[in-house]
Amino acid sequence: MNDTRFDPSTADGRWQRAWDEARCFEADSNSAKPKSYVLEMFPYPSGRIHIGHVRNYTMGDVLARYRRMRGDEVLHPMGWDAFGMPAENAAMEKGVHPAGWTYQNIETMKGQLKQLGFALDWSREFATCDPEYYGHEQGLFIDLYEAGLVYRRSSAVNWDPVDMTVLANEQVVDGCGWRSGAKVEKRQLDQWFLKITDFAEDLLDGLGELDNWPQKVRLMQENWIGKSTGLEFSFDLSSGDTLPVYSTRPDTIFGASFVAVAADHPVAAGVAESSAEAQAFIEQCRAGGTTAAELETAEKLGFDTAITAKHPFTGANLPVFIANFVLMEYGTGAVMAVPGHDQRDFDFATKYGLPIPRVVAPSADEADAPLTEAYSGDGVIVNSDFITGMGVDEAKAAIIAKAETGGWGEGKTVWRLRDWGVSRQRYWGTPIPFIHCEACGVVPVPKADLPVKLPEDVDFQTPGNPLERHPTWKNVSCPKCGKDARRETDTLDTFINSSWYFLRFASQPDDKAFDAQEIAKWMPVQQYIGGIEHAILHLLYARFWTRALAHIGKMDVKEPFASLFTQGMVTHETYKAGDGSWLSPGEIKRDGDDWVHIESGEPVSVGRIEKMSKSKKNVVDPTDIIRDYGADAVRWFMLSDSPPERDLPWSEAGIEGCGRFVQRLWRLFGQFDASAQGEDKGLARKTHQAIAAIAQDIEALAFNKAVARLYELTSAAEKAEPSASRNEAIRALLLMSSPMMPHLAEEGWAAMGEEGLAANAPWPQVDEALLVEDEVTIAVQVKGKLRDTLTAPKGASKESLEALALASEKVQRSIDGAPIRKVIVVPDRLVNIVA
RNA sequence: GCGGGCGUGGCGGAAUGGUAGACGCCGGGGACUUAAAAUCCCCUGAUCCUCGGAUCGUGCGGGUUCGAGUCCCGCCGCCCGCACCA
């Protein structure tokens, strides 16, 4: 039928247009079919899509197309996470407007995505920088404010001196800005906060039900939320003050031998007022590095304040130190130090010659065993007055109870999670919809005035916040009293944009952010796919927003993503010239087993396989490879070989193999012979086994296995003689490969004379009867070692299998006349003879 | 330091406790061709070998089992996340 080659350069575009015209992939909320929401993390429009996007969206696309074939109404949308600093940086560097730059990039990238033939519902596309989108976001922000989930306070913020903006704690990596890498400073500013801590317990508990999330991600979030329980109580100080401390080990209270406060603690400040030495020590602490390496080696340092703290039970006077290892941000910024059972306290006590009593021992016999390091294990309480002899947990409860009855302390839960600071002193973000009035205070912008749009005439040539510098934008009248007032010039953290975009995809009315009933039809997202780098920030914020919106009655969904899949990166070999500079694959050529630089002829060393990055010049541009091999070969490569959660090494040889397979399938489609008759039972069986197995593989997102099975069935069909069974195999292959290689499938579908689009065809039916083999291969082992294989009818009795096995000459030779002690028969699988 | 994951041919990787290495890539041999491309066929874990097979083999060492890549214990190595969180 076709001796020609499949030509993606014409076919790809033709079918992409056909899908568009037929509006195949537009989701119908009113459909009676089961709903299925498949979503990949939407891209930031940085300029061009990269190969990681291609892998991510190909996986989602296979699932979306597969679910459609299984009869679901599928929502598979795409949009743009379009606010953010790169647009502003471009504005500063190139003098282009962030909006122009962003929308231009969106156009380019949309074109690239279209070339890949993704089954996306483009009718729901939006960018988070569309005033319509951020206007609704402003409305939601005001709703949360009115529900008490948004507040403002002055706080020390992480200030990035290069980007001239405030960073969230999460955006500070090792004391440096996550983008600029500049050393972060502390500044006091009035900031907007979201009360994520109100949901700490709920966010933690919710993790337990996310069975279809990677355990790794759940653990990361659990650690991030960081729940701990313990006792908060106050020491009476010799200075007359009281000093609250927090401990998760109140059971060790009789082992406390000193008290330590953070350098930023008020007690430290008080001491510093009259002591230059203390002041100097505090400054030394602040200067200390916070990187992992520095902390690893940092010595425990302290300054004796000469103040003492009275132990609540023993009445002993414990010295109070300012210590460099106590954090002001956690607990109360002060600790009771128990050197016997906390390594940091141990190190400190050793250095300053403080007592190191033992109050926990593995057993009562070891109550006075000397400590060479802190003992943090379980055991029995010793040397501790009324709690001596108790277990650790029992003692914790006893001390907390005693403190609560005595009125000097209480059991308390402390979280590592902080409220989310969302103020950014930048232009390219959602304007925070509030007005500051001298008389009325902070006033929300009336809903009717939303969106608060960004001004277009802004100056990017000076650092800082362009909204602040704009001559008129911030001058408004107060919505309450009408007097002159000032518009808030901070914009929202871009993570807010991505915290509810999946809701807007599901429902996008004009008059509100989304419609609860429409949301209920699609949410939660059935399968969410994206990179592991969002394990904490984006995914935790999205979970929080969803809960917060449910909490204020906007909808009825608590968890946004029922299943989460984190895909691996696309990696590539790196190449280095003799002088150590990186070379791109295009600059080198093969010379026997070695590589040489084309230009200089110098030898090239092959470096590690690493994530594609511009600096290492190991990037492959999706546009180039789509042009060279066609969308289907690229998609196929993205799914082949590596399991989707692992890294995928890009290789020229690999993509060429994929290109060959596209043609191979095309030739096979051409051998579909409508006139062929007769049954080929073996092939039919393989076909139906493949249909069942590939469906399972796709549902498990085990695309590499589905691919392997498609190869197998292809080989079998190629080798078979023409028959009705063979036609069935070819047709099944076409349909089963269509989620992966949709253009080829459409071309083949048309060539076979089928009606309509393959994209609308159902998944092939499995004939259950054909899944069962009637003959099986039985492995025959002697003492667990394979000696022979034999063929037996399916379901043969144990006795007959044993007899068959014993009849084997190879088996007899192996037994060599030894007496048979035992025979294990696993029906339809194996016989193991123990001689 | 804490938490998690992984270790299988030259490479990416398959394998409900039951024939280890499916499938792909690389490599080798052959067919077709004036030639090349394309395509097709065969081989491809190691060692020994009388060419029928034998022995070994899933990071290392133990264990459970008729049988272990898979389960258990102890090491080694690599990767990731968090980290002076009281």
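Below, read A as the first sequence line, B as the second, and so on, with proteins coming before strands; counting in each chain starts at 1. Since the structure is predicted, the reported quantities are computational estimates derived from the model, not experimental observations. Keep in mind that the numbers below use all heavy atoms, side chains included, and drop hydrogens, waters and symmetry copies.
Between B:G21 and B:G10, the distance separating the two P atoms is 16 Å to the nearest Å. The P atoms of B:G53 and B:C66 are separated by 30 Å, rounded to the nearest whole Å. Look at the P atom in both B:C73 and B:G12: the space between them is 28 Å, to the nearest Å. Rounded to the nearest Å, the gap between the C1' atom of B:C78 and that of B:C85 is 29 Å. For the C1' atoms, the distance linking B:A31 with B:G67 amounts to 45 Å, nearest Å. For the C1' atom pair drawn from B:G59 and B:U55, the interatomic distance equals 22 Å after rounding to whole Å. Spacing between B:A14 and B:G45 at atom C1', rounded to whole Å, works out to 15 Å. Nucleotides B:G74 and B:U64 are separated by 15 Å at their C1' atoms, to the nearest Å.
Between the P atom of B:U65 and the NZ atom of A:K785 lies a distance of 19 Å, rounded to the nearest Å. Rounded to whole angstrom, the span from the CZ atom of A:R664 across to the P atom of B:U39 amounts to 10 Å. One can place CE of A:M220 at 19 Å from P of B:C2, the figure rounded to the nearest angstrom. In this structure, the CD atom of A:E802 is 17 Å from the P atom of B:C66, given to the nearest Å. Following rounding to the nearest Å, A:R249 (CZ) and B:C85 (C1') show an atom-to-atom distance of 15 Å. What separates NE2 of A:H534 from C1' of B:G81 is a distance of 15 Å, to the nearest Å. As a whole-Å value, the separation of A:R787 CZ from B:G52 P is 18 Å. Between the CZ atom of A:R344 and the C1' atom of B:C84 there is a distance of 6 Å, given to the nearest Å.
In this structure, A:D342 does not pair ionically with A:R249, as no charged nitrogen and carboxylate oxygen lie closer than 4.0 Å. The existence of a salt bridge linking A:E718 and A:R667 is excluded, since no basic side-chain nitrogen approaches an acidic carboxylate oxygen closer than 4.0 Å.
Inspection of the A:R358 and A:S384 side chains reveals no N or O donor paired with an N or O acceptor under 3.5 Å. For the residue pair A:S808/A:D788, the side-chain donor-acceptor check at 3.5 Å is satisfied. A donor-acceptor contact closer than 3.5 angstrom is absent between the side chains of A:Q567 and A:R646. Using modelled atom types, one finds a donor on one side chain and an acceptor on the other under 3.5 Å when comparing A:Q689 with A:E773.
At the phosphate of B:C85, neither OP1 nor OP2 sits under 4.0 Å from any side-chain N or O atom of A:R418. Using a 4.0 Å cut-off, some side-chain N or O of A:R667 falls inside it from OP1 or OP2 of B:C40. At the phosphate of B:C82, neither OP1 nor OP2 sits under 4.0 Å from any side-chain N or O atom of A:R416. At the phosphate of B:C66, OP1 or OP2 sits under 4.0 Å from a side-chain N or O atom of A:K822. Within the 4.0 Å cut-off from OP1 or OP2 of B:G5, not a single side-chain nitrogen or oxygen of A:R218 is found.
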Using a 4.0 Å heavy-atom cut-off, write out nucleotides 6-22 of chain B from 5' to 3' as B (base contacted by protein), S (sugar-phosphate only) or - (no contact). ------BSSSB-BB--B

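Within 4.0 Å (heavy atoms only), A:V780 reaches no atom of the nucleic acid at all. Residue A:L219 is classed as a sugar-phosphate contact, given heavy-atom separations below 4.0 Å to backbone atoms only. Backbone-only engagement by A:G657 is indicated by non-hydrogen atom pairs under 4.0 Å involving sugar-phosphate atoms exclusively. Among the heavy atoms of the strands lying under 4.0 Å from A:Y711 are primed sugar atoms or P, OP1, OP2 only; no base atom is included. At the heavy-atom level, A:R709 lies nowhere under 4.0 Å from the strands shown.
At least one cation-pi condition fails for A:R416 and A:Y330: the charged atom is not both under 6.0 angstrom from the six-membered ring centre and inside a 45 degree cone around its axis.
In this structure, B:G9 shows a glycosidic angle within 90 degrees of zero, which is the syn conformation.
Rounding to the nearest 0.5 angstrom, the gap separating the CG atom in A:L207 from the CZ atom in A:R543 is 4.0 Å. Here the CD1-CG distance, from A:I196 to A:L540, works out to 4.5 Å after rounding to the nearest 0.5 Å. Between the OG1 atom of A:T777 and the CG atom of A:L830 there is a distance of 12.0 Å, given to the nearest 0.5 Å.
Across the interface with RNA chain B, nearest-nucleotide mapping of A:I532 and A:C658 shows A:C658 to be the residue nearer the 5′ end. When each of A:K810 and A:G331 is assigned the nucleotide of RNA chain B with its nearest heavy atom, A:K810 is the one assigned upstream, toward the 5' end.
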For Watson-Crick and G-U wobble pairs within 3.5 Å on both distances, what is RNA chain B written in dot-bracket notation, | included for inter-strand pairing? (((((((..(((.....[....))).(((((.......))))).((((....))))..(((((..]....))))))))))))....

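Taking the ring centroids of A:F321 and A:F303, they lie at or beyond the 6.0 Å cut-off.
Distance from the side chain of A:Y330 is smallest to B:A86 among B:A86, B:C25, B:A38. Ranking B:C56, B:C23, B:G5 by closeness to the A:Q215 side chain, first place goes to B:G5.
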Between A:W636 and A:F703, does the ring pair (Phe, Tyr, Trp, His ring centres under 6.0 Å) criterion hold? Intermediate values first, please. CA-CA 10 Å; A:W636 188 249; A:F703 303 114; over 10 Å; no

